[in-house]
Amino acid sequence: MNKTFFIHTFGCQMNQYDSELVTGILEKEGLSRVDAYEKADLCLVNSCSVRELAAQKARSELGLFALYKRRSRKKVYYGIIGCLAEQEGKNLFKKFPDMDLIAGPAHERQLGQYVSSILAGNGPVIKTGEGVQDWDVDALIKRENSRSAWVTVSKGCNSFCSYCVVPYARGREESRPFSAIVREIKALTGRGYKEINLLGQNVNTYGRDLKGAAAGKDFSALLKEVNSLPGDFWVRFWTSHPKDIPDTLIDAVASGKKICPLFHLPVQSGSDAILKAMNRKYTAGQYLEITEKIRKKIPGAAISTDFIVGFPGETEKDLELSLELYRKARFDTAFTYKYSPRKGTRAFDLKDEVSKDVKEERLRALMTLQKELGLEINRQFIGTVRDVMLSAPGPGPAGGRDRTNRPFLVEGVKKYKEGEIVSVKVTGAAPFSLKGISL
Ligand code: SAH
Ligand code: SF4
């Protein structure tokens with residue numbers, strides 16, 4: 001009988017992508033995916049380690065797998081992939097001595113052979129550190145959604161922000177071949193995909209390491225090429241680093257009809273002292289110059305961001321500067337996080353820790369502002385007409401998102417397919433969403 005596997009995915013879109021890729025890889029090896037670990041022969045957790053809470057969740061999932069392995073009458077295998085696997089490696093055996101697989105992100109494309117070896121009874125496999133590069137494997141990806149796709153353009157990160165584990169967990173930045181990306185998107189849109197999300201830790205530095213025929217191609221060139229492909233589809237891209245926003249990129253978004261006018265541009269803090277300590281390589285003033293340029297060149301563009309509160313040494317004044325920058329940039333939306341010290345990063349040893357309560361308070365202040373400004377901005381859309389791409393039909397009113405990624409509730413649509421675009425007259429606004437009626 002075919003062996004089965006289960007994957008629980010934590011963390012960012014990159015991990016979601018990797019799980020879809022691992023699914024394709026393991027299915028090629030003859031395994032089939034099941035939706036509960038109690039049904040599986042091989043249980044995997046695709047882990048995140050960007051904040052401690054995420055790491056804890058992955059560890060507790062491993063605890064469940066370990067118990068299941070011990071109690072099950074059949075032979076069960078379990079393991080961990082993703083960022084925590086890379087970061088903790090063999091140390092995980094201390095708590096989970098009977099684990100069968102530990103593989104960091106750089107080794108996931110070879111998972112087929114590792115899993116076959118484990119299932120053949122050859123013992124545990126531990127793979128961390130530098131991996132074997134093979135972008136061809138990405139063609140095996142088994143996507144869960146048939147209208148919206150994530151397409152990796154680069155992996156790893158060279159930025160080394162002082163708080164962040166990503167460069168350690170995912171290694172140096174590496175661009176996927178230009179032609180492979182374009183080929184994949186052409187195939188996806190040919191099969192009816194309506195939304196393409198280009199994915200990288202910092203998409204703006206895409207191409208710097210390309211050689212041969214693609215040498216000199218950058219992210220703007222990629223956007224232009226994708227925009228020129230036939231078909232009716234929307235393109236989004238995540239994430240942009242503010243230190244690398246050339247005018248050519250803004251121009252490519254401005255002129256590309258299929259490219260959504262949305263920049264996810266994590267700022268992290270509005271205080272120059274904190275930005276310096278974070279190694280972000282821009283000041284609050286320089287950041288605002290970029291947002292102003294974007295808004296001038298692309299009227300109606302949305303700008304979303306990430307903030308961290310409670311970085312070591314952050315004062316009330318620093319928080320005030322973050323709130324001030326939030327107002328000045330008029331962010332459309334934001335992800336806000338409490339600083340979580342990560343072992344191995346440069347900030348880990350910094351003194352002047354901010355207490356848990358103060359972090360909580362500062363997060364609340366930022367979220368309150370986010371809510372107030374979100375409502376103010378969203379109210380301006382009442383009475384206007386927006387194109388909305390509908391999500392999969394479900395119970396209740398239709399849902400979807402417009403080009404700036406604002407969530408919508410849409411009345412007046414009956415029979416529809418996911419990915420369909422409808423014109424919607426906005427009738428109501430909330431801090432994080434809009435509602436309207438289909439015309
Ligand atoms: N490469 C992307 C995203 C990386 S992680 C980028 O640079 O934008 C996503 C977000 O998690 C970051 O933008 C940051 O706001 C947050 N983050 C990263 N490390 C963190 C830490 N140690 N504590 C709290 N938040 C963190
Ligand atoms: Fe982490 Fe900074 Fe790289 Fe983003 S750019 S992944 S925050 S090191």
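Just so it is clear, the values below take in all heavy atoms, side chains as well, and ignore hydrogens, waters and symmetry mates. Numbering of ligands and ligand atoms starts at 1, following listing order.
Using a 4.0 Å cut-off between a side-chain N of Lys or Arg and a carboxylate O of Asp or Glu, Arg147 and Glu195 do not qualify as a salt bridge. Taking 4.0 Å as the cut-off between side-chain N and carboxylate O, Arg362 and Glu316 count as a salt-bridged pair. Salt-bridge annotation for Glu324 and Lys328: present, with a side-chain N of the basic residue lying under 4.0 Å from a carboxylate O of the acidic one. Ionic pairing of Glu376 and Arg327 is not present here: no N-O contact between side-chain nitrogen and carboxylate oxygen is shorter than 4.0 angstrom. Asp209 and Arg176 are not joined by a salt bridge, as no carboxylate oxygen comes within less than 4.0 angstrom of a charged side-chain nitrogen.
One side chain, Thr315 or Asp318, offers a donor N or O that lies under 3.5 Å from an acceptor on the other. For the residue pair Gln380/Asn378, the side-chain donor-acceptor check at 3.5 Å is not satisfied. Side-chain atoms of His264 and Ser304 form a donor-acceptor pair, as typed in the model, at a separation below 3.5 Å. Checked by atom type, the side-chain pair Asn145/Tyr193 shows no donor-acceptor distance below 3.5 Å. Checking Tyr78 against Asp98 by side-chain atom types alone, a donor-acceptor pair falls below 3.5 Å. Side-chain N/O atoms of Asn202 and Asp244 include a donor and acceptor closer than 3.5 Å.
Of all atoms in ligand 1, listed by their number and element, those nearer than 4.0 Å to a heavy atom of Val50 are 18 (C), 19 (N), 20 (C), 21 (C), 22 (N). Ligand 1 places these atoms under 4.0 Å from at least one heavy atom of Lys338: 23 (N), 24 (C). For ligand 2 and Ser159, the ligand atoms under 4.0 Å from any heavy atom of the residue are 3 (Fe), 5 (S). Near Tyr339, the atoms of ligand 1 lying under 4.0 angstrom from a non-hydrogen atom of the residue are 23 (N), 24 (C). Close approach of ligand 2 to Pro167 (heavy-atom distance below 4.0 Å) involves ligand atoms 8 (S). Atoms of ligand 2 lying under 4.0 Å from any heavy atom of Phe160, numbered from 1 in the order shown and given with element: 8 (S). For ligand 1, the atoms lying closer than 4.0 Å to a non-hydrogen atom of Tyr337 are 10 (C), 11 (O), 15 (O), 16 (C), 25 (N). Close contacts between ligand 2 and Gln201 involve ligand atoms 6 (S) [criterion: under 4.0 Å to a heavy atom]. Residue His241 approaches ligand 2 through these ligand atoms, each under 4.0 Å from one of its heavy atoms: 5 (S).
Backbone or side-chain N, O or S atoms of Cys161 reach atom 2 (Fe) of ligand 2 at under 2.8 Å. Checking Cys157 against atom 3 (Fe) of ligand 2, an N/O/S atom falls under the 2.8 Å cut-off.
Distances shorter than 4.0 angstrom do not occur between any heavy atom of Val166 and any atom of ligand 1. Heavy atoms of Arg342 approach ligand 1 to within less than 4.0 angstrom. At a 4.0 Å cut-off, at least one heavy atom of Arg280 sits close enough to ligand 2 to count as contact. Ligand 1 has Ile308 within reach: a non-hydrogen atom of the residue lies less than 4.0 Å from it.
Of all heavy-atom pairs between Ile25 and Arg109, the closest is CD1-CA, 3.8 Å. Closest approach of Glu52 to Arg59, counting heavy atoms only: OE2-NH1, 3.2 Å. Closest approach of Leu325 to Phe307, counting heavy atoms only: CD2-CZ, 4.1 Å.
Between Val267, Asp306, Asn202, it is Asp306 that holds the heavy atom closest to atom 13 (O) of ligand 1. In this comparison of Met14, Glu52, Gln268, the heavy atom closest to atom 15 (O) of ligand 1 sits on Gln268. Around atom 16 (C) of ligand 1, the closest heavy atom drawn from Arg51, Lys359, Arg280 belongs to Arg51.
When hydrogens are left out, the protein atom nearest atom 3 (C) of ligand 1 is Gln201 OE1, 3.8 Å; that is the closest non-hydrogen contact. Ranking protein heavy atoms by distance to atom 1 (Fe) of ligand 2, first place goes to Cys164 SG, 2.3 Å. With respect to atom 22 (N) of ligand 1, the closest heavy atom belonging to the protein is Ser340 O, 2.8 Å. In terms of protein heavy-atom proximity, atom 7 (S) of ligand 2 is closest to Tyr163 OH, 3.4 Å. The nearest protein atom to atom 19 (N) of ligand 1, hydrogens excluded, is given as Tyr163 CD1, 3.3 Å; this is a heavy-atom distance.
Formation of a donor-acceptor pair under 3.5 Å by the Ser322 side chain with backbone atoms of Ser269 is not found in this model.
Protein heavy atoms all stay at least 4.0 Å away from atom 4 (Fe) of ligand 2.
Of all the heavy atoms of Pro266, the ones lying under 4.0 Å from any atom of ligand 1 belong exclusively to the side chain. Heavy atoms of Pro266 found under 4.0 angstrom from ligand 2: none, in either backbone or side chain.
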